[in-house]
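Below is one structure; the comments refer to it alone.
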Amino acid sequence: MIEKINQLKAEIEGLTASDIQEVEALRIKYLSKKGAVSVLMQDFRTVPAEQKRELGQKLNELKTMATERLNAMREALENADTVDEDIDLTRTAAPMPLGTRHPLSLVKDEIIAIFSRLGFTVAEGPEIEDDWHVFSSLNFAEDHPARDMQDTFFIGRNPDVLLRTHTSSVQSRVMETTKPPIRIICPGRVYRNEAISARAHCFFHQVEALYVNENVSFADLRQTLLYFAREMFGPETKIRLRPSYFPFTEPSAEMDISCNLCGGKGCSFCKHTGWVEILGCGMVDPNVLEACGIDSKKYSGFALGMGVERITNLKYQVKDLRMFSENDVRFLEQFTAAH
């Protein structure tokens, strides 16, 4: 009997299992009613009385050891199967492709980064504005024909509350509360009551820049524009300025860049002119400075503004503006590499 106990003890000490099912099979083999340990317990009845105390003690030790050994194996396997706490159990089991940033966000951030290298800081303002900051402070008289240039969304029946038509409203807010020098860039969404088509939308995005200080000249504006164009479209890019009109700048100009597709030689994209218009600019009108509480005899400044969609079109050749707001995954996947 002692030899059988010692043999079974050595056998149990060497047990291994790769999963819970194997542990259960070993429990049945050794500790069930017909298991090896139970069989020895039944044989214990035939043991002489003088040996019962010693053998009974050894059998109890064997059963305890077998139970503890199997429980330890089960616990080790259960801990090994525990799910890592870092795993998101709500995530789908199917592979999930990586997303990307929206092309308008990519271009907007690139524009901001370029102007940041020139010392411009980002300024933001509300999209729901009042007439003063959108029009009146920017030299739009109440009967000024320039107001007809922008179809405005008014909120309710109050003609003083509206959705901003340009981010120039942010410039007027900053000029009212900040003493020069002022060097800001104003990115944001703007709204105009226009029919939606491949070339126009009722909302779009602008980035405007403003620099106000002593002795700011048109030469400073031109050099800033040249730096921006070459950083955005390449070092070989050329610019030209054409006279234009904006109520809040005088003189005013529109800037063209040499077509980045044909290198200025002429193609269908630039309508065979070699030039593509990208933004409007000019020197801040003295009336605007005075309306915002800045002495126009001491300070001067320049302002410029561009549509982010326009720059994105030039950079990625996206010809339909509606693609930017339709959230078509097939379209957005094209910009994964640009992230």
> Shortest non-hydrogen contact from M283 to V216?
Replying inline: CE-O, 3.5 Å
> Should the ring pair F140 and F248 be called parallel, tilted or perpendicular, given that the plane angle runs from 0 to 90° and is split at 30 and 60?
Replying inline: tilted
> Can you say whether the rings of H166 and F135 are parallel (under 30°), tilted (30 to 60°) or perpendicular (over 60°)?
Replying inline: tilted
> Where do E194 and H201 come nearest, in terms of heavy atoms and distance?
Replying inline: OE1-O, 4.1 Å
> Which is it for F115 and L304 under the side-chain contact (heavy atoms from CB on, under 4.5 Å) test, yes or no, and what are the steps along the way?
Replying inline: CA-CA 12 Å; F115 279 95; L304 60 95; 3.9 Å; yes
>> For E176, is there an ion pair with R173 - N to carboxylate O distance below 4.0 angstrom?
In response: no
> Counting only heavy atoms not in E214, do more than 12 sit closer than 6.0 Å to its CD atom?
Replying inline: yes
> Are more than 12 heavy atoms from other residues, nucleotides or ligands located less than 6.0 Å from atom NZ of K315?
Replying inline: yes
> Considering all heavy atoms of both residues, which atom of T152 and which atom of L163 are nearest to each other, and what is their separation?
Replying inline: CG2-O, 4.1 Å
> Around E290, counting heavy atoms of other residues, nucleotides and ligands shown, do more than 12 lie under 6.0 Å from its CD?
Replying inline: yes
>> Let's go through E24 and R27 carefully: what are the C-alpha distance in whole Å and the side-chain angles of both, what is the deciding distance for side-chain contact (heavy atoms from CB on, under 4.5 Å) to 0.1 Å, and is it a yes or a no?
In response: CA-CA 5 Å; E24 180 62 17; R27 186 195 67 79; 2.9 Å; yes
>> Atom CZ of residue position R330 - does it have more than 12 heavy atoms of other residues, nucleotides or ligands inside 6.0 Å?
In response: no
>> Would you say CZ of R222 has more than 12 non-hydrogen atoms from neighbouring residues, nucleotides or ligands within 6.0 angstrom?
In response: no
>> For F302 together with F218, are the ring centres under 6.0 Å from each other?
In response: no
> Is V276 close to R310 at the side-chain level, that is, under 4.5 Å between some pair of heavy atoms?
Replying inline: yes
>> Tell me whether the count of non-hydrogen atoms from other residues, nucleotides or ligands lying under 6.0 Å of CG in D295 goes above 12.
In response: yes
>> Testing the basics here: between L138 and H133, what is the closest heavy-atom pair and its distance to 0.1 Å?
In response: CD1-O, 3.6 Å
> In this structure, which one of T178, L210, V122 forms a side chain to side chain contact (heavy atoms under 4.5 Å, CB included) with I184?
Replying inline: L210
> Between Y191 and F203, what is the ring plane arrangement, given parallel below 30°, perpendicular above 60°, and tilted in between?
Replying inline: tilted
>> So for atom CD1, which belongs to I128, do other residues, nucleotides or ligands contribute more than 12 heavy atoms lying within a distance under 6.0 Å?
In response: no
>> Show the nearest heavy-atom pair for residues L70 and V23, with the distance to one decimal.
In response: O-CG1, 3.7 Å
>> Checking side chain to side chain contact (heavy atoms under 4.5 Å, CB included) between K108 and each of I112, I111, L104, L106, which is the one that passes?
In response: I112
> In terms of ring plane angle, is the pair F228 and F233 parallel, tilted or perpendicular, where the classes change at 30° and 60°?
Replying inline: perpendicular
